Amino acid sequence: MPRVPVQLGVLLISASAFAAEHWAFQPLKPVKGAGVDEFIQAKLKEEGLKSAPRADARTLIRRASFDLTGLAPTAEETEAFIRDTSPDAYPRLIERLLSSPHYGEQWARHWLDVARYSDTKGYVYAREEKNWVHATPYRDWVVRALNADLPYDRFLLLQLAADQVVPAKSPDLAAMGFLTLGRRFLGVSHDIIDDRIDVVMRGTQALTVACARCHDHKFDPIPTRDYYSLYGVFQSSAEALVPCAASADEKLAELVKKNRDLMTKRREEQMARTRARAADYQKALTELDKYPEQGFDQIIDEKDINPFIVHRWKAWVEAHPGLELTEEALKKEDSPAYVPDEHIANNEMYFPTGIITELWKAQGEVDRHLLKTTAAPAHATVLVDRALPSTPRVLLRGNPLTKGDAVPRQYLSLFGGQRPFTKGSGRLELAQAITDPRNPLTARVMVNRLWQHHFGRGLVSTPSDFGKQGGTPSHPELLDWLAQRFMDSGWSLKAMHRLLMLSQTYQQSSQTSDARDPDNRLLSRMSPHRLSFEEARDAWLTAAGQMNLKVGGRPEALFGASNKRRTLYTLVDRENVPAVMRTFDFANPDLSIPQRSETSVPQQALFGMNHPFVVQQARALVRDAAAGPSGAARIHWIYGRLFQRRATQDEVEAGLRFVGEEPATLAVETDHSKSWQYGYGEWDESAGRVKDFKALPHFTGSAWQGADAWPNPELGWAQLTAAGGHPGNDRKHAVVRRWSAPASGTYDIQSVLVHEPEAGDGIRGFMSHSRLGKLRDTRLRASKADLSLSAIEFQSGDTLDFIVDIADGLNSDQFLWSPKIVPSTQATGSGGDTPQETWDAGKDFYAQPRLQLNAWEQLVQVLMLSNEFMFVD
């Protein structure tokens, strides 16, 4: 078949390439159909299968509510829907849910998984602010865009090239967080660009283009040249921090000016240094082995020859054979001496190490102001086209030191002969190629993602890999029909939700099964699924009447004392994703995640049984239920909150029996948590005591400290954990672990203080008795001290403080100190087997005293962990 070029915007697509290649690369086939059910029923009929009956009303409203908003319906909403027998009751329900502001929150979370969303950069050098300034604006933009039903082609265009299609300070600039919220990779540009190629191509095209970084793709028609064509697009784009709202913040303007003035000054100095040493750089070309291009870990002094500039010099000479680098030529923007006027993230490699630190510090002042000042305008980290776009070269085997042929910036060649991009970096043209209606992948990929989230599995089971190693469509005609309907609707996501959810296929019961289709691939029934972690936490808060439904805003720590907001607004820290979120299959924020695992492991049950958060919600629900006129009425009310239905007679009787029984006595260790306090204060040398003990105000789940953020402006590094801690930033903020004697007598103290780091001047440690004053003191650096004491007399209520401060300076002052206290004499029972009572700082370390749940609270906790609550039918 001859290769006939087809004009496709910036694409020239070969019709023969489509016809001969893999199914996903072929154009959409014109398919006739009256609806989703026609395609599903045809497949079922082929296999001799029948559809399950329609689900009951309660199941449908619960299923639709969780699917579209991530929240359970209220008992009142459920009852009203059950009683509404009009034929349009269900369509009206879908419209109400699509109009909810919480629709955008639920579907934003699905997209944020694909966009590898995080509020932090991952590991960065200490000189750089670790939190992304633009994470919150991006997340909130996605929520707003979905609520407004922004056409999907526009949704993608803005995330790839908003800088070129909207005005300055437009809120839509926040969309470009899709490209710029990935890991920092310690500033290694090759890895940052690879991450951006991967998220764009897997997220929008379901193609694993990043596999072609080192060699031609092993399975798909994606040569290495294609990878570097896209590489050139992002290499020709630079990060920029810009406002996406109007600003009247004078302090911010002052910090921005200070930062810009410093950058201008340091750029001019660096360019002058390079021009002054032109002969040295020319000579360096004859000894390139001394100047490794990948010297990211090198410390460069102002007097050193900069390896990065050496290799830029080499590239300029190769591109301009026979031309001399004169003083005038060195001042031009394309010269190797020129330092681009860009964000420090783009040009730090031009500077000596000390200046890099200085510039990042200035940028950090701007970033921290934006992060901590509630009145500061939202900012976006966008990509902007560089004045001089790069012509990329293939890096042989992915090695930057071995450059191959130059390639044009253009779209993938699997679509046939392509036109090189001509507008700046080509990023806008790339976005237009992706969103072109005749691109066969974009609509297919998105409708498959929608299908996956509604039915539990995509029509293609590998939603971010439509290549030859991916799955094949279970219903290929349906996939193409949906893709065409999607585009015909104006790329409306809400129109597709209606189309899918109003189908009889979606409304089926899950209570039947057929051995001929055990995986339900042909959809003869609906598949139940467990709530995601976000849905489960939100459901617990909602049932307890504790949920704060405010939309948008800054993130909060997952289990922060004041955090009653939807889990979407939890701080996502790449370096420290909370263990419970990992346990419940939260998406890895380092990667574009198309679908989450759904595991069942013991740690999930243990969290529900033991974590204070679940206990707090159970207690709150019981408090709300207390007004019931009878035990049976309370049980009905609890079932309504949790399951949106009344309890059955058997459930009422079982619940009443449970709460009426005397709880069994449990043989547990004595609770000593109330004997300990955690605080800070200044050591008084003359008095031998802490001057003014103040409690540390915030518990993270594993440490007491000043606030969610650590360190924080108020108390700095002050922190106490089960094993030790860290003093505050000065002697006025020594950390204090205080024990209170429960009874008069003499006690032995087993106590070893350890300071491990070689750096700094070490720490000071003290033990102080509330009546007797100082008992022991020491000064440690990279050593340990045994501070044990025997037979110390205490009266009931006396306290013993274990105090650590920074000594003379703040530097590597973390310590280990977990004392134990036992009575000096121990009475024994008749058998001599009474265990010794021990106050153990490590074992007793809790946020609050451990209290036994009463029978009603235990009942509610059990119901909160039941399958009926945790699964959507």
Side-chain angles (χ1 to χ4, degrees), residues 119-121 124-141 162-163 166-174 176-177 180-181 184 238-268 341-348 351 354-382 384 550 552-557 560 562 569 571 573 697-698 705-718 728-730 733 810:
D119 292 291
T120 68
K121 303 174 183 178
V124 293
Y125 296 111
R127 65 192 179 210
E128 182 176 347
E129 169 57 46
K130 75 170 189 174
N131 293 289
W132 283 122
V133 167
H134 61 296
T136 292
Y138 173 68
R139 180 242 291 143
D140 290 351
W141 178 87
D163 62 303
V166 300
K169 298 185 180 181
S170 166
D172 286 332
L173 290 169
M176 296 191 71
T180 57
L181 274 173
R184 276 283 292 136
E239 288 182 24
L241 180 64
V242 299
C244 47
S247 172
D249 189 331
E250 294 181 2
K251 177 63 175 177
L252 175 62
E254 176 187 329
L255 291 172
V256 169
K257 183 178 185 304
K258 175 184 174 184
N259 184 36
R260 295 301 309 137
D261 289 348
L262 180 64
M263 174 62 77
T264 300
K265 179 180 179 182
R266 297 302 182 225
R267 286 179 54 245
E268 290 173 351
D341 187 11
E342 296 173 357
H343 190 284
I344 179 61
N346 304 310
N347 64 14
E348 63 178 342
F351 300 105
I355 291 176
I356 293 174
T357 301
E358 179 190 28
L359 290 168
W360 269 118
K361 182 179 179 182
Q363 181 63 52
E365 291 179 0
V366 175
D367 293 349
R368 282 184 284 277
H369 178 84
L370 293 171
L371 289 165
K372 296 177 181 179
T373 307
T374 55
H379 272 60
T381 298
V382 302
V384 295
K550 173 188 172 185
R554 298 174 186 239
E556 298 184 48
S562 63
Y569 303 110
L571 179 76
D573 185 344
H698 182 73
Q705 56 197 44
D708 287 343
W710 183 70
N712 61 82
E714 293 77 21
L715 300 184
W717 289 95
N729 295 13
D730 53 43
H733 293 85
L810 179 65

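Predicted model, so just to flag it, every value in this text is computed and none were measured. Atom set for the values below is all heavy atoms of this structure, side chains included, hydrogens, waters and symmetry mates excluded.
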With sequence neighbours excluded, what pairs up with Glu714 under the salt bridge (Lys or Arg N to Asp or Glu O under 4.0 Å) test? none
Those residues that, when tested against His134, pass ring-ring contact (aromatic ring centres under 6.0 Å, His included) (two or more places apart): Trp132
Heavy-atom side-chain proximity of Pro555 to Tyr569 below 4.5 angstrom: no
Does a side-chain heavy-atom distance below 4.5 Å link Asp341 with Arg267? yes
Under 3.5 Å, side chain of Asn729 to main-chain N/O of Trp717, donor-acceptor pair present? yes
Tell me, please, which residues at least two apart from Ala557 pass side-chain contact (heavy atoms from CB on, under 4.5 Å). Asp708
Close side-chain approach of Leu359 to Ile355, heavy-atom, < 4.5 Å: yes
Can a donor-acceptor pair be found between the side chains of His369 and Asp249 at a distance below 3.5 Å? yes
Answer with yes or no whether the side chains of Asn347 and Glu342 bring together a donor and an acceptor at under 3.5 Å. no
Listed partners of Asp730 passing salt bridge (Lys or Arg N to Asp or Glu O under 4.0 Å), at least two apart: none
Beyond-backbone contact of Asp172 with Cys244, side-chain heavy atoms, under 4.5 angstrom: no
Does some side-chain heavy atom of Ile344 sit less than 4.5 Å from a side-chain heavy atom of Met263? yes
With sequence neighbours left out, what residues match Asp573 under salt bridge (Lys or Arg N to Asp or Glu O under 4.0 Å)? Lys130
Counterpart residues, salt bridge (Lys or Arg N to Asp or Glu O under 4.0 Å), relative to Lys550 (two or more places apart): none
